[in-house]
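First up is the structure itself, then whatever we jot down about it.
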Amino acid sequence: MNHFLGLADLSVGQLKGLLDTAVSLKQAQKQGGNEPLLAGKTLAMVFQKPSLRTRVSFEMGMVQLGGHALYISPAEVQMGTRETPADVARVLSGYVDGIMARVFAHQDVLELAEYAAVPVINGLSDYNHPAQGLADLLTILEHKDGLAGVKLVYVGDGNNVARSLLFGAMLSGMNFALATPAGYGLAEADFAVADRLKTAGASYVAYEGVAGLSTAVAQADVIYTDTWTSMGQEEEKQKRQTLFAPYQVNQQLLDPAQPDCIVMHCLPAYRGYEISADVADGPQSVMFAQAENRLHAQKAILVNLLANKK
Ligand code: CP
Ligand code: NVA
């Protein structure tokens, strides 16, 4: 692995390796601390958008592994206006051992990777959110005792998070169902990637409308939702709130679900919109375990890309 840009770039073995590493790094940390596997290593974190989880978990991940991380705010670099991603990549490569970037256009993170002499990690783009996807798989693994055969129903907007989950699910032998309003699902091209990644037992289905939802929910091991309005789509917020209202993950939607069905959300959560407050903060929600797992999953990515490399 030279970069971490998307789960679709990984083989089944690489994904499993990252999850195994995350499990053991988590265990080591809980038992007293991680070995300084990244002593002397540095990570530049370039952000074009706000962040709580991604910023803090990558930074603390580096610190806990003996390395150092540098946060670079959107106003500082102004990637794409003050400097091209290619120039940012070439400059940072002279200073640091790795670059993590949160961007608007996916093309920018691809360009960073093309021109960087050091590994590049995608910390969310408009296309995908693979670090989140990896942490989500870790969370499902912990709650469901394995991934193969797990039925995940994603309800709401077919966005960057949904796309990474689809790809991760296909590599892990999961059954993925997507329920979105018409025109807000994933693209044909995404399902073509899913077809390429599909391992034994994996399947996907996409519903437009809420008609198939209660049947899907009744069989679900995991219900997942995310904000209806992603960063960069703020001008569509009103329209989306109206259109997505029937897709709220609330007690009524969960009624047909099995009692051990878990509810996931990558956060930030907008209670009263994509998820009701009682469900977000209720017994089936694992969203804070999921948030914590960002730390452990990201450490696995960092160790894989930065440890034992010059
Ligand atoms: N889930 C997630 O990526 O959160 P942040 O936007 O706070 O990093
Ligand atoms: N889909 C959301 C995820 C936030 C972590 C966004 O892109 O804003």
Side-chain angles (χ1 to χ4, degrees), residues 4-7 22 43-62 69 71-74 99-109 121-140 152 154-168 178-181 184-187 190 222 224-237 239-241 243-244 247-249 263-271 273-275 280 285-302:
F4 183 80
L5 304 177
L7 296 183
L43 180 76
M45 307 191 299
V46 180
F47 281 85
Q48 290 186 327
K49 297 173 176 171
S51 171
L52 170 63
R53 281 145 291 274
T54 305
R55 187 256 164 108
V56 180
S57 56
F58 268 107
E59 187 161 341
M60 291 306 107
M62 284 299 289
Y71 170 71
I72 306 170
S73 74
I99 301 168
M100 192 277 286
R102 167 166 284 194
V103 300
F104 284 98
H106 189 62
Q107 184 52 40
D108 285 358
V109 79
I121 299 168
N122 179 357
L124 178 145
S125 72
D126 58 357
Y127 175 70
N128 61 356
H129 196 2
Q132 180 70 54
L134 186 66
D136 294 343
L137 294 177
L138 175 62
T139 309
I140 297 168
L152 184 150
Y154 182 102
V155 185
D157 187 24
N159 60 14
N160 44 7
V161 169
R163 191 172 284 109
S164 285
L165 284 169
L166 169 67
F167 298 160
L178 178 72
T180 68
Y184 290 84
L186 293 172
D190 299 318
V222 181
Y224 199 117
T225 192
D226 182 20
T227 182
W228 294 334
T229 308
S230 285
M231 292 178 274
Q233 299 175 327
E234 287 75 10
E235 74 289 353
E236 296 175 33
K237 192 170 163 185
K239 180 177 129 194
R240 284 171 168 268
Q241 281 179 358
L243 191 71
F244 282 86
Y247 296 81
Q248 185 187 74
V249 174
V263 175
M264 297 180 71
H265 191 310
C266 61
L267 300 174
Y270 299 91
R271 290 173 177 78
Y273 295 95
E274 76 275 4
I275 192 163
S285 168
V286 300
M287 62 194 202
F288 296 109
Q290 201 184 335
E292 185 195 311
N293 277 337
R294 292 292 305 279
L295 174 70
H296 310 299
Q298 278 150 207
K299 281 183 185 170
I301 301 166
L302 292 165

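Atoms within each ligand, like the ligands themselves, are counted from 1 in listed order. Each residue takes its place number in the sequence, starting with 1.
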Atom 3 (C) of ligand 2: the protein heavy-atom neighbour that sits closest, reported with distance to 0.1 Å: D226 OD2, 3.6 Å
Proximal ligand 1 atoms for H129, defined as those under 4.0 Å from one of its heavy atoms: 2 (C), 3 (O)
Those atoms of ligand 1 less than 4.0 Å from some heavy atom in S51: 5 (P), 6 (O), 7 (O), 8 (O)
N/O separation below 3.5 Å, P268 to ligand 1: no
Distance from atom 5 (C) of ligand 2 to nearest protein heavy atom, with residue and atom: L267 O, 3.6 Å
Ligand 2 N/O within reach of K49 N/O, cut-off under 3.5 Å: no
Ligand 1-proximal atoms of K49, by part, heavy-atom distance under 4.0 Å: neither
Residue pair S164 / N128: nearest heavy atoms and the distance that separates them: OG-CB, 3.3 Å
Minimal non-hydrogen separation, F167 against D190, with atom names: CE2-O, 3.4 Å
L124 neighbourhood, listing ligand 2 atoms whose heavy-atom distance to it stays under 4.0 Å: 3 (C), 4 (C), 5 (C), 7 (O)
Neighbour count >12 (heavy atoms, 6.0 Å) for atom OH, Y273: no
For atom 8 (O) of ligand 2, closest protein heavy-atom neighbour: M231 N, 2.8 Å
Closest non-hydrogen atom pair between V161 and H129, with its separation: CG2-CD2, 4.0 Å
Distance from atom 4 (O) of ligand 1 to nearest protein heavy atom, with residue and atom: R53 NE, 2.7 Å
Closest protein heavy atom (residue, atom, distance) for atom 7 (O) of ligand 2: N160 ND2, 2.8 Å
Shortest protein contact, atom 6 (O) of ligand 1 (heavy atom only): R102 NH1, 2.7 Å
Pair S57, Q298: side-chain N/O donor-acceptor within cut-off below 3.5 Å: yes
Protein contact to atom 7 (O) of ligand 1 [nearest heavy atom, distance to 0.1 Å]: L52 N, 2.6 Å
Shortest non-hydrogen contact from H265 toward L267: ND1-N, 2.9 Å
E292 side chain to F288 backbone, donor-acceptor under 3.5 Å: no
For the student: nearest non-hydrogen atoms of I72 and A44, plus distance: CD1-CB, 4.1 Å
N159 side chain to D226 side chain, donor-acceptor N/O pair below 3.5 angstrom: yes
Protein residue, atom and distance nearest to atom 2 (C) of ligand 1, heavy-atom basis: R294 NH1, 3.2 Å
Under-4.0 Å heavy-atom contact with ligand 1, by part of L124 that carries it: neither
From L124 atom CG to K49 atom NZ, the distance as rounded to the nearest 0.5 Å: 5.0 Å
